[in-house]
Amino acid sequence: IAMALFYPFAEKHKTAIGEQKIIYLADGSSVALNTDSELKVNMKPGERAVSLIKGEAYFQVTPDKNRPFTVDVGQRIIRVVGTEFNILHTENKSILSVTKGVVAILGRGKSEIVDLQVIAGQQVIINDGQALQKRTGLNLANVTTWKEGQLVYENISLKNLVQDLNRYYVGKVILQDKELENMHI
């Protein structure tokens with residue numbers, strides 16, 4: 001008689017354009033998934049691993065010092081023990097905003113080398129070229145207003161505003177006058 005035990009397959013979660021949902025994980029953590037997003041969850045006894053394939057997610061991670069929680073955003077790995085943070089992941093960059101606790105940004109390959117620690121109230125832009133740009137003094141409440149059904153923008157170019165709005169609606173807003181793209185609102 002042979003017996004084989006397998007870990008469950010990774011869970012995949014998606015939201016359509018305009019849809020949002022909350023995912024409750026087996027460890028007690030939760031993920032609020034914003035519009036047009038995709039997430040893969042792989043919980044094992046020794047690790048809690050999530051991949052944000054595209055879109056935006058707000059993580060509330062239950063502390064567990066024996067099993068760090070990692071989020072793969074393509075360019076880097078983000079590791080936490082217990083904290084709250086938001087990630088907006090696009091094709092060429094990721095924006096990490098920490099609202100509570102501390103987050104470590106690791107290099108590729110899940111190495112234990114911490115490239116940067118980010119504390120509550122800070123935001124880091126992770127560009128495709130591997131550069132990390134830390135920003136402080138931001139109103140991070142504006143980053144998470146999407147969870148309450150609001151979109152708040154401050155000092156954003158009209159081009160970036162239109163790109164963001166297009167994540168929420170099936171129809172596309174098109175900015176025909178290219179001279180207006182760099183106008184800030």
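Only this structure's heavy atoms are used, side chains among them; waters, hydrogens and symmetry mates stay out. It should be emphasised that the depicted structure is a prediction, and the values quoted were computed from it without experimental measurement.
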Work out which heavy atom in [X] is nearest to a heavy atom in [Y]; give both atom names and the distance.
{"X": "Ile53", "Y": "His89", "answer": "O-CD2, 3.1 Å"}
{"X": "Ala57", "Y": "Trp146", "answer": "C-CZ2, 4.2 Å"}
{"X": "Gly55", "Y": "Ser37", "answer": "CA-OG, 3.2 Å"}

Hey, is the main chain of [Y] close enough, under 3.5 Å, to the side chain of [X] for a donor-acceptor pair?
{"X": "Ser157", "Y": "Asn182", "answer": "no"}
{"X": "Arg48", "Y": "Ala26", "answer": "no"}
{"X": "Asn166", "Y": "Val173", "answer": "yes"}
{"X": "Lys21", "Y": "Lys14", "answer": "yes"}
{"X": "Thr62", "Y": "Ser29", "answer": "yes"}
{"X": "Thr15", "Y": "Gln20", "answer": "no"}
{"X": "Thr70", "Y": "Arg79", "answer": "no"}
{"X": "Ser97", "Y": "Leu140", "answer": "no"}

What is the distance from atom [atom1] of [X] to atom [atom2] of [Y], rounded to the nearest 0.5 Å?
{"X": "Lys134", "Y": "Ile125", "atom1": "NZ", "atom2": "CD1", "answer": "13.0 Å"}
{"X": "Asp64", "Y": "Glu47", "atom1": "CG", "atom2": "CD", "answer": "12.5 Å"}
{"X": "Asn127", "Y": "Lys93", "atom1": "CG", "atom2": "NZ", "answer": "7.0 Å"}
{"X": "Ser30", "Y": "Gln60", "atom1": "OG", "atom2": "CD", "answer": "4.0 Å"}
{"X": "Ile126", "Y": "Leu88", "atom1": "CD1", "atom2": "CG", "answer": "11.0 Å"}
{"X": "Ile77", "Y": "Asp115", "atom1": "CD1", "atom2": "CG", "answer": "11.0 Å"}

Same cluster (ILVMFWY, side-chain, under 4.5 Å), [X] and [Y]:
{"X": "Ile17", "Y": "Leu161", "answer": "no"}
{"X": "Ile105", "Y": "Ile95", "answer": "no"}
{"X": "Val170", "Y": "Val162", "answer": "no"}
{"X": "Val80", "Y": "Val31", "answer": "yes"}
{"X": "Ile156", "Y": "Val152", "answer": "no"}

Does [X] reach the side chain of [Y], with side-chain heavy atoms less than 4.5 Å apart?
{"X": "Val41", "Y": "Leu25", "value": "yes"}
{"X": "Leu132", "Y": "Arg76", "value": "yes"}
{"X": "Val71", "Y": "Phe85", "value": "yes"}
{"X": "Asn160", "Y": "Gln163", "value": "yes"}

### Task
State whether the number of non-hydrogen atoms from other residues, nucleotides or ligands found under 6.0 Å of Glu91 atom CD is greater than 12.
no

### Query
Under 6.0 Å from the NZ atom of Lys65, do we count more than 12 heavy atoms belonging to anything else shown?
no

### Other cluster members, Ile22 - Ile/Leu/Val/Met/Phe/Trp/Tyr, side-chain contacts below 4.5 Å
Tyr24

### Message
Starting from Ile119 and following side-chain heavy-atom contacts under 4.5 Å between hydrophobic residues (I, L, V, M, F, W, Y), which residues can be reached?
### Response
Val102

### Task
In sequence, state the C-alpha distance, the side-chain angles, and the governing distance for Asn86 and Thr99, and then conclude on side chain to side chain contact (heavy atoms under 4.5 Å, CB included).
CA-CA 8 Å; Asn86 192 82; Thr99 56; 5.7 Å; no

### Message
Set out, in order, the CA-CA distance, both residues' side-chain angles and the distance that settles side chain to side chain contact (heavy atoms under 4.5 Å, CB included) for Leu52 and Val50, then state yes or no.
### Response
CA-CA 7 Å; Leu52 183 58; Val50 173; 5.6 Å; no

### Task
Kindly determine whether Lys44 and Asn42 satisfy side chain to side chain contact (heavy atoms under 4.5 Å, CB included), including the steps that lead there.
CA-CA 6 Å; Lys44 296 180 182 176; Asn42 195 0; 3.6 Å; yes

### Task
Output all residues satisfying side chain to side chain contact (heavy atoms under 4.5 Å, CB included) with Asp164, sequence neighbours left out; order by chain, then residue number.
Tyr153, Arg167, Tyr168

### Task
Determine, stepwise, if the pair Met43 / Phe69 fulfils side chain to side chain contact (heavy atoms under 4.5 Å, CB included).
CA-CA 9 Å; Met43 294 288 184; Phe69 189 100; 4.1 Å; yes

